[in-house]
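This report refers to the structure that appears directly beneath it.
Values in this document were obtained by computation on a predicted structure and should not be read as measured data. One-based numbering along the sequence shown.
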Amino acid sequence: MQDNLPSIQSLPPEEYNKLKVLIDCLLAGCDHDDSTLANSALELFFDRKDFDHAAHIKDTCKTTANLEADRFKVALDELVREFSPYTEPAIEIETLFQQPKSDADRSYARDKLIKKYTSDAESSEALDRLILKYGKEAEPGKHPLYDHGKAILKLANLQDAQSLEFAKNTLAIGLEKCLQNPGWLLNLGEEKYEDIVEFFKEFFEQGIKDTKLAYSLMNLCFTRRNYDRAIAISDNLSVRLTDKDLIKALMDTSRQRSHDVDKLLQLAAPGAAGKPIIKNTIQDILTKKQREIRFLEHHDISIFKDFIASYAWHLPGEVSDKLFLLNPLIEFCVCRNEIDMAKRLKSRFEGCFLEQKAYQDACQKVTQSSIDETKKSEILDKLRDLTEHTKSKTD
């Protein structure tokens, strides 16, 4: 096998299948303590890209057959180069398709890609091949990175220090490339995203234990807004969103929704909602939004109210411990004449109320308005109801 590897690699399928049967018979009659034949067979099938039979050899010979570290590294490098959506030119081409461009802009971008990734002789034909490989229509319904990567990782011996180092480096570089391109990641096609995540997960399935890399994988799904996948990784790999990243996410206006805060707090460490630094952050967010209230529409107020209310729901303690948020939130609603919204909030959190200064300001505004007296009286009654407060109960 070693002396005739090139000719074996080029055998037609019928002859190759005969050779597989012969090798299987030889291995069945050999002492598994002698790994020479097993390793040669493993490498032969591996190089032939016959991963299933290579895995069969490894399973049959147990620990005697493993992919050598150097060959493992070459295989990983080739895999990433050939199938990864996160290396160049894949990212550049994907980004080109993601961004809305005029025909002139697309033509200019295409010319730049030709100069960067092809020779003059290849010209646009080579770029067409790249676009076919990395563009939107590339291999629909398939996960080539994960499928091949899983096979390669299963054939390696990650108990070997060198092989483990190669695997970790491949994972670390891949995660870094994905996380440094959040715009590309957010707009990446679902199949390509799934392919990447499943590939990265397989490293941990095969025994890699690294908290920093596990956090990066969780962060990748989190950046993609794939909360459920991020939570599953958080639970399985025992990593939690840091206070710093939680604060950054809470301050991101695109995440200031009820659904988001629920998921964010699931990703954070237990009790994170009650930490002073998180409470202060939410309070600052509410204060800032109060200054912008005159620019907000009804749906904006409703979404933001639900965001703060959901956070308050997760806070430990009684409603009286949450009045620093709930009372200003009622005032926030009243300031934009969303009295019914404030009333629902008061019903949800029994014990919160419209404070006296806010009540007086609201009454003055209603009194000075041009609406008819009957309507004024109705609104003033509702405002008065909002000021009533009883002893709060545990939320």
Side-chain angles (χ1 to χ4, degrees), residues 1-6 8-9 23 26-27 30-88 90 143-180 195-220 233 236-239:
M1 285 193 292
Q2 291 172 344
D3 294 342
N4 298 284
L5 186 59
I8 291 174
Q9 293 290 11
I23 292 172
L26 289 171
L27 285 171
C30 287
D31 184 355
H32 287 172
D33 290 336
D34 181 5
S35 61
T36 304
L37 178 60
N39 284 338
S40 295
L42 179 72
E43 291 170 3
L44 165 65
F45 297 133
F46 183 83
D47 291 341
R48 181 89 182 197
K49 300 289 193 294
D50 190 347
F51 296 131
D52 288 341
H53 209 71
H56 167 71
I57 297 298
K58 183 175 172 67
D59 291 341
T60 301
C61 300
K62 304 301 179 185
T63 58
T64 62
N66 286 299
L67 201 61
E68 291 182 357
D70 290 340
R71 193 178 289 261
F72 175 54
K73 182 182 185 303
V74 170
L76 282 178
D77 290 345
E78 180 182 311
L79 172 72
V80 170
R81 185 171 61 251
E82 290 297 317
F83 294 109
S84 166
Y86 57 76
T87 54
E88 293 188 15
H143 292 162
L145 181 65
Y146 167 63
D147 291 339
H148 294 313
K150 181 178 181 179
I152 291 170
L153 286 165
K154 286 181 72 173
L155 293 171
N157 176 20
L158 295 187
Q159 300 301 313
D160 172 66
Q162 195 174 20
S163 295
L164 180 62
E165 181 183 357
F166 291 150
K168 280 188 173 183
N169 285 343
T170 299
L171 177 57
I173 292 169
L175 286 165
E176 182 182 4
K177 283 184 176 294
C178 291
L179 289 170
Q180 70 187 12
D195 196 14
I196 290 172
V197 173
E198 290 300 320
F199 173 58
F200 289 158
K201 276 178 59 183
E202 190 61 30
F203 285 82
F204 296 98
E205 294 288 336
Q206 295 302 323
I208 284 183
K209 292 179 172 60
D210 189 298
T211 302
K212 184 177 179 181
L213 294 177
Y215 189 89
S216 293
L217 179 56
M218 178 192 70
N219 198 16
L220 185 153
I233 291 170
N236 292 338
L237 300 180
S238 301
V239 287

Work out which heavy atom in [X] is nearest to a heavy atom in [Y]; give both atom names and the distance.
X: G149; Y: L79; value: CA-CD2, 3.4 Å
X: S216; Y: L175; value: CB-CD1, 3.8 Å
X: A167; Y: I208; value: CB-CD1, 3.8 Å
X: I233; Y: V239; value: O-CG2, 4.3 Å
X: L158; Y: Q206; value: CD1-O, 3.7 Å
X: A156; Y: K58; value: O-NZ, 3.7 Å

Ring centre gap for Y86 and F200 strictly below 6.0 Å: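 When the ring centroids of Y86 and F200 are compared, they turn out to be within the sub-6.0 Å range.
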Specify whether H53 and F45 have parallel, tilted or perpendicular ring planes, treating 30° as the upper limit for parallel and 60° as the lower limit for perpendicular.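 Answer is perpendicular, since the angle exceeds 60°.
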From CA spacing to verdict: side chain to side chain contact (heavy atoms under 4.5 Å, CB included), L217, K201: CA-CA 8 Å; L217 179 56; K201 276 178 59 183; 3.9 Å; yes
Test side chain to side chain contact (heavy atoms under 4.5 Å, CB included) applied to L155 and F72, step by step: CA-CA 9 Å; L155 293 171; F72 175 54; over 6 Å; no
So L171 and F199, side chain to side chain contact (heavy atoms under 4.5 Å, CB included) or not? Walk me through it. CA-CA 9 Å; L171 177 57; F199 173 58; over 6 Å; no
What verdict does the side chain to side chain contact (heavy atoms under 4.5 Å, CB included) test give for F83 and D147, after you've listed the backbone C-alpha separation in whole Å, the side-chain angles of each residue and the deciding distance to 0.1 Å? CA-CA 10 Å; F83 294 109; D147 291 339; over 6 Å; no
